[in-house]
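Some notes on the structure that comes next.
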Amino acid sequence: IKKPFISLSLELDGKTSDIFTAGAGENIGGRINWTNNLPNRITDLEITARFMGKFDRLTVRASNGFYRSIDDTIVWNKTTDDKLSIIGPDESGSVSFTFNPLTTSALVYSGSRGHEINVEIGVKAKRLSDLNVPEEITSSITRLIRLNSDIGLLGHSLYFTGPFSNQGPIPPTVEENTTYTVVWSLSNTINNLADVKVRAPLPTYVAWVGTVSPSSEKVNYDNLTNEIIWDVGNLSAGAGFSLPRREVAFQVSVLPSLSQIGNSPTILGSAYVSGVDRFTQEVVKASAREISTVIQDAFMYSG
């Protein structure tokens, strides 16, 4: 196996794997590395990077290169960089660019799944053959970029509305139990997700009541970790966008202490969600801030 006349490699955000994953709208930095493997010099080196797929054409930028939008190709040559005019034996160098995939809003309502971007890198130059006849030498590589889904998690507390009847004083009173309804809501953008789980810790003064709505959702309390865990399972692409959000409600009981007078006690700690993107096979994550006794339906409280 011989080395190519000109070696090429492509780094995307510093990674050289054959398949690169990124988020929708995320800025991606590319670096093309090249090396002249010939024992003699080459001339008129030209490097190209052609983009195909779900990318934002207005975000393409190239250092010492020209973006030719007619065919979505960046070109680096002796016109854009005079260092590419003559390349000595074993000489190497690099060129760089940045671009963004399309944003979530541009992708999520498209109805299609499995969004990808292909980047084709090519290089060509001239050299003198063994017969002193000018000839063109070329090399190329291709990289695939797959776009991850974006999962979202929101949470809030209720007292007057929701699927359960809550009991106890509002605002909460020291050393008296008040029950609250906690609602978790999930969204998901462009790919189906699997093995989705949401978890959050209960403070020591909060108890798990055990009521869940809808009853088909798998929400449980783990005594060992003091966490409430929602085993969501599969989460469809488009949830919260073209489809309804995935929601669950459950009930907790709060017993405030003297030390919490003047505060709005936390009834559920920060929640974390994770799942596996079925298209990219990457783990996607999100979080939601802690939930307190400041209820979303407080407007119904008459004092």
Side-chain angles (χ1 to χ4, degrees), residues 149-188 193-235 239-240 244-276 282-303:
S149 200
D150 186 16
I151 191 171
L153 173 64
L154 295 173
H156 61 266
S157 60
L158 301 170
Y159 183 87
F160 299 100
T161 58
F164 312 121
S165 176
N166 290 299
Q167 307 295 325
I170 291 290
T173 302
V174 169
E175 299 175 357
E176 290 190 45
N177 280 301
T178 298
T179 60
Y180 292 85
T181 298
V182 173
V183 179
W184 274 338
S185 177
L186 287 170
S187 62
N188 178 35
L193 303 181
D195 302 324
V196 178
K197 286 187 178 182
V198 183
R199 58 180 67 229
L202 279 180
T204 56
Y205 50 88
V206 180
W208 164 248
V209 174
T211 49
V212 177
S213 179
S215 58
S216 56
E217 293 290 352
K218 300 176 182 178
V219 182
N220 295 289
Y221 173 66
D222 189 329
N223 289 291
L224 295 178
T225 63
N226 201 39
E227 289 179 313
I228 293 177
I229 301 172
W230 180 17
D231 188 353
V232 180
N234 297 324
L235 184 61
R245 297 179 72 93
R246 182 85 170 265
E247 288 192 343
V248 71
F250 53 89
Q251 212 169 16
V252 296
S253 179
V254 179
L255 183 62
S257 175
L258 283 169
S259 60
Q260 295 172 307
I261 291 176
N263 298 322
S264 299
T266 296
I267 63 177
L268 191 65
S270 298
Y272 297 89
V273 60
S274 65
V276 178
E282 293 283 325
V283 175
V284 295
K285 300 177 181 180
S287 62
R289 63 185 181 182
E290 61 187 23
I291 298 172
S292 75
T293 55
V294 178
I295 52 178
Q296 192 175 75
D297 53 1
F299 64 92
M300 299 185 66
Y301 175 62
S302 59

Sub-3.5 Å donor-acceptor pair from the side chain of [X] to the main-chain atoms of [Y], do we have one?
X	Y	answer
S213	A249	no
T179	Q167	yes
N188	I151	no

Interatomic distance, [X] atom [atom1] to [Y] atom [atom2] [nearest 0.5 angstrom]:
X	Y	atom1	atom2	answer
S253	Y180	OG	OH	9.5 Å
R289	L154	CZ	CG	9.5 Å
R199	D231	CZ	CG	9.5 Å
E247	S187	CD	OG	10.5 Å
N220	I229	CG	CD1	8.0 Å

Of all heavy-atom pairs between [X] and [Y], which one has the smallest distance, and what is that distance?
X	Y	answer
T211	Q251	OG1-OE1, 2.9 Å
R246	E217	NE-OE2, 2.8 Å
S149	V284	O-CG1, 3.4 Å

Would you find more than 12 non-hydrogen atoms of other residues, nucleotides or ligands less than 6.0 Å from R245 atom CZ? yes
Step-by-step side chain to side chain contact (heavy atoms under 4.5 Å, CB included) determination, F164 to V209: CA-CA 11 Å; F164 312 121; V209 174; over 6 Å; no
Side-chain atoms of residues 261-276: list all donor-acceptor pairs with protein atoms under 3.5 Å, sequence neighbours left out, distances to 0.1 Å.
{"unit_1": "T266", "atom_1": "OG1", "unit_2": "E290", "atom_2": "OE2", "d": "3.2"}

Does [X] reach the side chain of [Y], with side-chain heavy atoms less than 4.5 Å apart?
X	Y	value
P172	T178	yes
I228	V252	yes
Y221	N226	yes
I295	L158	no

Name the residue from T161, D297, N166 that meets the side-chain hydrogen bond (donor to acceptor under 3.5 Å, both in side chains) definition with T181. N166
Under the ring pair (Phe, Tyr, Trp, His ring centres under 6.0 Å) rule, collect the residues that match up with W184, sequence neighbours excluded. F250
Mind checking ring pair (Phe, Tyr, Trp, His ring centres under 6.0 Å) for Y159 and listing every partner two or more places apart, or none if nothing turns up? none
